[in-house]
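In what follows, chains are A, B, ... by sequence order, proteins preceding strands, each numbered from 1. The figures that follow rest on heavy atoms only: side chains count, while hydrogens, waters and symmetry mates do not.
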2 protein chains.
Amino acid sequence: MTTPGRGLHGHVLDTLGPAITAGEYPPGSVLRTDELAQHFEVSRSVMREAVRVLESMHLVESRRRVGVTVRPKAEWNVYDPQVIRWRLAGADRPHQLRSLTVLRSAVEPVAAGLAARHATAEQCAELTQCALGMVANSRGHKLEEYLVHDIAFHRVILNASGNEMFARLGDVVAEVLAGRTHHEVMFEDPDPAAVTLHVQVAEAVREGDATRAEELTREITVGALQELDILAP
Amino acid sequence: MTTPGRGLHGHVLDTLGPAITAGEYPPGSVLRTDELAQHFEVSRSVMREAVRVLESMHLVESRRRVGVTVRPKAEWNVYDPQVIRWRLAGADRPHQLRSLTVLRSAVEPVAAGLAARHATAEQCAELTQCALGMVANSRGHKLEEYLVHDIAFHRVILNASGNEMFARLGDVVAEVLAGRTHHEVMFEDPDPAAVTLHVQVAEAVREGDATRAEELTREITVGALQELDILAP
DNA sequence: TGTGACATATAAGTCTGACTTTTTCCGTCG
DNA sequence: CGACGGAAAAAGTCAGACTTATATGTCACA
């Protein structure tokens, strides 16, 4: 994660950001800089910097003679890692998790296909290592160790795709995977079929078989969708 | 687009942002707030607000006794609409356009599939209107009119998917489509095959045929990839 | 009664200067 | 050569005065 609370304005954001993204201030709510500054016991300069950041995330809009207005959810920069983290930490978590999982299901298969074409030898090796690590920890309630390798696996795929937009989703995917293990129902060992699929994806990428890598990854993401009951009737 | 230059700090950002994203300051470069303030002829308060915004975009990092350090490209918030606009406006444009087109090729087919399931009657009607508008302007060098309907079409698809992450890519897609018409080679009328595909997608969504909507949209995006010579050898 | 111009209050925006705090760098001493 | 400690540099913070845009209410006039 990003270093939290680096400076006073960071502390303010850590409180205001979650509050806004949690919908505590409905769209159209008006905040006054001076009041906020008093409430958080910081100077107006600090408060203004915090507002500027919220503004750059399109969470609020600051207008003269009006104040700081909360924007409707549809305008938020929902790809901002900070915003994602705030929402995952709040009441919106389930909804956010579903959105992100759907996004994964779109992006990761394509990324895997690209990885099969562009991955370096080193990345292939890394990928194989990750898959092996997943296999090694797939039994015996070693969920944490499994998670580490799972996250690393998907990160390598996204990086190896050679597309910067995909690569930057590594953190998001990590967040989703971690969330699944930590917050959702995850008592048992991971699904053996999923483990096998990861091994096969690593194989396909190593062999440069883009179509197969894409198809196998699609199966993985379909599994993730099903876990959240996002099915196709 | 967002209102540009709303306030002094906005003007500073309009200059600094493009400069940084264009790579004018290599990663690791150190800027000093005071010097920047002098250079832009603004007060330190204003300069600090600008730096805070750049920091929230992960373009720079501000540390005591060091200064404001430019972060490596790999850490930028490349999904920030502002960052995307800055990069599209600069030397990085071709590269950024390719990245975004690949992203489209991953997202839009899945979005179309979801739209086929979730689209309201109103959205279906809107979609049909857009497709008709595209057909009507597909001949006779009416590129601008065609573009308007093309953008609207893809925006409706993304919105109708019911996924907020997809919906927020509407602006990005609009930017890419507009860029193709305005900056890239686009002398002739649009490809008739592409126009037909859009009409068929509208059909499939109307009929709730998710698989077909996804497959047809995939064909559209493949076309977009081919235009930029991003092929699969 | 409606409509336009104008005055006013309000909250953000800006600037300045003084002060604090953290952190790096460097020189000295063991 | 390493540890300790001081000094300097840059960001961070604060307080107060001033400016500017603008929403809103008022009043005259049609």
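Distance CD (A:Glu49) to C1' (C:dA12): 15 Å, rounded to an integer number of Å. In this entry the distance linking CG of B:Asp34 with P of C:dC15 reads 14 Å, nearest Å. In this structure, CD of A:Gln38 is placed 12 Å from P of C:dA12, rounded to the nearest angstrom. The NE2-C1' distance, from B:His11 to D:dT20, rounds to 18 Å in whole Å. For A:Arg63 and D:dT20, the CZ to C1' distance is 15 Å, given to the nearest whole Å. Atom CZ of A:Arg32 and atom P of C:dA9 are 18 Å apart (whole Å). Following rounding to the nearest Å, B:Glu35 (CD) and D:dA9 (P) show an atom-to-atom distance of 13 Å.
Taking 3.5 Å as the limit, the base of C:dG13 and the side chain of A:Arg52 contain no donor-acceptor pair of atoms between them. One donor-acceptor pair, N or O on each side, does fall under 3.5 Å between the base of C:dT24 and the side chain of B:Arg65.
Contact annotation for A:Ser62: backbone-only contact, meaning every heavy-atom pair under 4.0 Å involves sugar-phosphate atoms and none involves a base. Residue contacts shown for B:Thr33 are limited to sugar-phosphate atoms, with no base heavy atom under 4.0 Å away. Among the heavy atoms of the strands lying under 4.0 Å from B:Arg48 is at least one base atom, whether or not backbone atoms are also near.
Nearest nucleotide to the side chain of B:Ser43, out of C:dA12, C:dT16, D:dG12: C:dT16. Checking D:dG12, C:dG13, D:dT13 against every side-chain atom of A:Val46, the shortest atom distance belongs to D:dT13. Side-chain proximity of A:Leu8 to the nucleotides C:dT14, C:dA12, D:dC14 is greatest for D:dC14. Taking only side-chain atoms of A:Val66, from C-beta outward, the nucleotide of D:dA23, D:dT13, C:dT21 with the closest atom is D:dA23.
Using modelled atom types and a 3.5 Å distance limit, the side chains of B:Glu144 and B:His182 yield a donor-acceptor pair. Side chains of B:His149 and B:His154: a donor-acceptor N/O pair is absent below 3.5 angstrom, by distance only. Side chain to side chain, A:Arg44 and A:Thr33 fail the donor-acceptor criterion of an N or O pair below 3.5 Å.
For the pair A:Arg64 and C:dT10, the criterion of a side-chain N or O lying under 4.0 Å from OP1 or OP2 is not met.
Both A:Arg44 and A:Glu41 lie close to DNA chain D; mapped to their nearest nucleotides by heavy-atom distance, the more 5′-ward contact belongs to A:Glu41.
Shortest non-hydrogen contact noted between A:Tyr79 and B:Tyr79 is CB-CB, 3.4 Å.
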